[in-house]
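Step one of this worksheet: look at the structure below.
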Amino acid sequence: MYLPFFFVLTLLVSLHSATAGDYCVADLKQPEGPSGYSCKTPAKVTVDDFVFHGLATVGNTSNIIKAAVTPAFSAQFPGVNGLGLSIARLDIAAGGVIPMHTHPGGSEVLVVIQGCIKAGFIDSANDVYVKTLNRGDVMVFPQGLLHFQINAGKYPAIAFVSFSSPSPGLQITDFAFFANGLPTELVTGTTFIPGDVVKKLKAVLGGKN
Ligand SMILES: *[C@@H]1O[C@H](CO)[C@@H](O)[C@H](O)[C@H]1NC(C)=O
């Protein structure tokens with residue numbers, strides 16, 4: 001009587017755990033390592049781990065760059081962990097910019113949804129690739145290279161960007177130089193940017209020293 005039931009239960013459990021290799025939904029309670037988050041117990045995975053609603057929301061562009069990046073990386077969208085991809089939304093108000101930055105972990109493909117964006121990157125030979133993009137245009141930014149997007153129109157621009165990593169990272173170059181405690185003399189010494197300019201930028205971006 002109980003034996004078949006136990007057999008079916010065992011079968012169901014093993015069928016369920018057989019799906020574990022299909023995905024590795026991020027367990028956000030554990031720290032993220034170089035190869036991503038560890039996997040949430042498959043029994044606790046739900047459809048909502050694979051769905052992200054945040055890109056429907058207009059980003060808040062009331063800031064110094066007049067732009068917003070809304071990421072759907074593993075930390076926000078646990079279902080992409082381990083899948084080698086992720087997505088984000090860019091909102092760039094008129095006069096706004098996503099300043100020169102890099103994503104150390106992945107290449108990026110951008111599609112303009114609304115407005116006009118001038119985008120570009122600089123390769124490691126320091127050659128520059130810049131293009132003005134309109135609705136529907138797509139541009140790709142190779143992994144790790146410095147790049148930017150600037151609103152080239154009079155109206156708010158929107159783009160979606162996808163990455164070849166669930167956790168591509170985002171390092172804004174100006175913030176790296178001028179929004180931390182790296183002493184002015186070291187910024188000047190390593191970039192040749194005059195100290196008074198460094199101090200001005202630190203004041204604007206929140207850097208110290
Ligand atoms: C947008 O951000 C600014 C600055 O942080 C804040 O004052 C404002 O309330 C935010 N607006 C919305 C709609 O969240």
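One-based numbering, in listed order, for ligands and for the atoms of each. Everything numeric in this text was worked out from a predicted model, so none of it was measured.
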Self-check item: Under 4.0 Å from ligand 1 - residues by heavy atom, chain and number
Solution: N60, S62

Please output the side-chain donor-acceptor pairs of residues 47-59 that fall under 3.5 Å, not counting sequence neighbours, one pair per line with the distance.
{"from": "D49", "atom 1": "OD1", "to": "K40", "atom 2": "NZ", "distance (Å)": "3.0"}
{"from": "D49", "atom 1": "OD2", "to": "K40", "atom 2": "NZ", "distance (Å)": "2.9"}
{"from": "D49", "atom 1": "OD2", "to": "T46", "atom 2": "N", "distance (Å)": "2.9"}

Quiz prompt | Atom CZ of F177: over 12 foreign heavy atoms under 6.0 Å | solution = no

Could you pull out all donor-acceptor pairs under 3.5 Å where a side-chain atom in residues 25-32 meets a protein atom, sequence neighbours excluded?
{"from": "D27", "atom 1": "OD1", "to": "K29", "atom 2": "N", "distance (Å)": "3.1"}
{"from": "E32", "atom 1": "OE2", "to": "S167", "atom 2": "OG", "distance (Å)": "2.8"}

Quiz item: Does the K202 side chain pair with the main chain of K208, one donor and one acceptor, at a distance under 3.5 Å?
Solution: yes

Quiz prompt | Contact list for residues 133-151, test side chain to side chain donor-acceptor pair (under 3.5 Å), sequence neighbours left out | solution = H101-H147, H103-H147, E108-H147, E108-Q149

Quiz item: Are side-chain heavy atoms of F160 and L110 found at a separation under 4.5 Å?
Solution: no

